[in-house]
Amino acid sequence: MLLAIDCGNTNTVFSIWDGEKFLATWRTSTEHQRTADQYYVWISSLMSLQKLDVRITDVVISSTVPRVVFNLRVLCNRYFDCRPLVVGKPECRLPVGVRVDVGTQVGPDRLVNTVAGHAFYGGDLIVVDFGTATTFDVVDHDGAYIGGVIAPGVNLSMEALHMAAAALPHVDISRPDSVIGKNTVACMQAGVFWGYLGLVNGICTKIRAEHGRPMTVIGTGGLAPLFASGDAIFDEIRDDLTMHGLRIIHEFNRNDE
Ligand SMILES: Nc1ncnc2c1ncn2[C@@H]1O[C@H](COP(=O)(O)OP(=O)(O)OP(=O)(O)O)[C@@H](O)[C@H]1O
Ligand SMILES: CC(C)(CO)[C@@H](O)C(=O)NCCC(=O)O
Ligand SMILES: [K+]
């Protein structure tokens, strides 16, 4: 059984793949101090709560936080008796090309999204991932990652307003009906929601023009559905894109051995 781990700057998601489907998915905050033993207590109790009596034999990891990989490796060695495949490490091969400036360390989450995007939707894609940052990954006709855009994440932008301005409260993002806010919270929500929708649409339009071929836009990450309700900016929404990318990369490396 394969355990796929996606470590973002805010949250870490664990998912178990049985060869055909994901049996369970669990989320925890990303903390580099967490030890292998702590991870194991957490995951093994969730497995028994869901009566998942399976043996993990393989692990694949994508981490945008390099420091957490150490303890995850210990988790794999100590409790699952395996060496994890870590995306971005030289020993982990990718089924797609990467055409960027020499020396660029592309975020592994973006490579994983590219692989899954290509597997599900072919080529000439824009994958928009709403995580800590909002990333746009441009996938060429042959599936290669050829660059993209990194913008501040939605929750980060909201939090920055609150942190920097004494009179602005902590507000959760939501879709306001009007753009003219009649109170502080409504004004902030309008700024972030409609501002962000403009950002996503504007960037996709510019990418399309620069790429010069028709492109499919795929939305993923926790907030993708919220923005999809604004205007039809996405052709597809897939919240499990990263997890599928991880298991596809794992399959590719296993077949390649
Ligand atoms: N309406 C909403 N308002 C605020 N947050 C939301 C809403 N809907 C979903 N989310 C958030 O989206 C997040 C899930 O997004 P995702 O896993 O893509 O990114 P993340 O965990 O925030 O970032 P990263 O992957 O970079 O760690 C959850 O933390 C959830 O709190
Ligand atoms: C942009 C983030 C933070 C998004 O998770 C991650 O992909 C990352 O740390 N990337 C490294 C820089 C790059 O992708 O070019
Ligand atoms: K993510």
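Just follow the structure's listing: the first ligand is 1, and inside any ligand the first atom is 1.
The shortest N/O to N/O separation between A133 and ligand 1 does not fall below 3.5 Å. Note: an N/O pair closer than 3.5 Å links D109 and ligand 2 by distance alone. For ligand 2, the polar-atom distance check against T64 finds no nitrogen or oxygen pair separated by under 3.5 Å.
Within the 4.0 Å heavy-atom cutoff, D172 does not count among the residues contacting ligand 1. Using 4.0 Å as the threshold, L226 has no heavy atom nearer than that to any atom of ligand 1.
Here D129 contributes atom CG and T135 contributes atom OG1; the two are 4.5 Å apart, rounded to the nearest 0.5 Å.
Looking from atom 12 (C) of ligand 2 to the surrounding protein, the closest heavy atom is Q105 O, 3.7 Å. Considering only non-hydrogen protein atoms, atom 25 (O) of ligand 1 sits nearest to G8 CA, 3.9 Å. With respect to atom 13 (C) of ligand 1, the closest heavy atom belonging to the protein is G222 CA, 4.2 Å. The closest protein non-hydrogen atom to atom 17 (O) of ligand 1 is R27 NH1, 2.8 Å. The nearest heavy-atom contact from the protein to atom 11 (C) of ligand 1 is N155 ND2, 4.4 Å. Summary of contacts: the protein heavy atom closest to atom 22 (O) of ligand 1 is N11 ND2, 3.8 Å.
Between T10 and the options T132, N155, T30, a side chain to side chain donor-acceptor pair (under 3.5 Å) holds for only T132. For the pairing with F14, the ring-ring contact (aromatic ring centres under 6.0 Å, His included) check across F22, F80, W42, W26 returns one residue only, W42.
For ligand 2, the atoms lying closer than 4.0 Å to a non-hydrogen atom of G107 are 7 (O), 8 (C), 10 (N), 11 (C), 13 (C), 14 (O). Close approach to G221 involves these atoms of ligand 1, each under 4.0 Å from a residue heavy atom: 18 (O). Taking every heavy atom of T135 and a limit of under 4.0 angstrom, the matching atoms of ligand 2 come to 1 (C), 4 (C). Within the listing of ligand 1, atoms 19 (O), 23 (O), 26 (O) sit less than 4.0 angstrom from a heavy atom of G131.
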How far apart are the C-alpha atoms of V68 and T12, what are their side-chain angles, what is the distance that settles it, and do they pass the side-chain contact (heavy atoms from CB on, under 4.5 Å) test?
CA-CA 10 Å; V68 302; T12 299; 5.8 Å; no
Show your working on side-chain contact (heavy atoms from CB on, under 4.5 Å) between W194 and R175 and close with a plain yes or no.
CA-CA 8 Å; W194 296 113; R175 183 208 159 136; 3.7 Å; yes
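Here N9 has side-chain heavy atoms under 4.0 Å from ligand 2, and that is the only part of it that gets that close. Neither the backbone nor the side chain of D109 has any atom closer than 4.0 Å to an atom of ligand 1 (non-hydrogen atoms only).
Cation-pi geometry between R78 and Y40 is not met at under 6.0 angstrom from the ring centre and within 45 degrees of the axis.
Checking atom 31 (O) of ligand 1 against the protein gives no heavy-atom contact under 4.0 Å.
Within 6.0 Å of atom CZ in R99, more than 12 heavy atoms from other residues, nucleotides or ligands are found, so the atom counts as buried in its surroundings. Within a 6.0 Å radius of CG in D81, no more than 12 heavy atoms belonging to other residues, nucleotides or ligands are found. Residue Q33 qualifies as enclosed at atom CD: its count of foreign heavy atoms under 6.0 Å is above 12. Around CG of L49, the count of heavy atoms belonging to other residues, nucleotides or ligands within 6.0 Å exceeds 12. Within a 6.0 Å sphere centred on CD of E91, other residues, nucleotides and ligands contribute more than 12 heavy atoms.
Compare I173, T220, D239 by their heavy atoms: the one nearest to atom 4 (C) of ligand 1 is in I173. Nearest to atom 8 (N) of ligand 1 by heavy-atom distance, out of D129, V13, L223, T132, is L223.
Aromatic rings from F70 and H32 are positioned such that their centres are separated by 6.0 Å or more.
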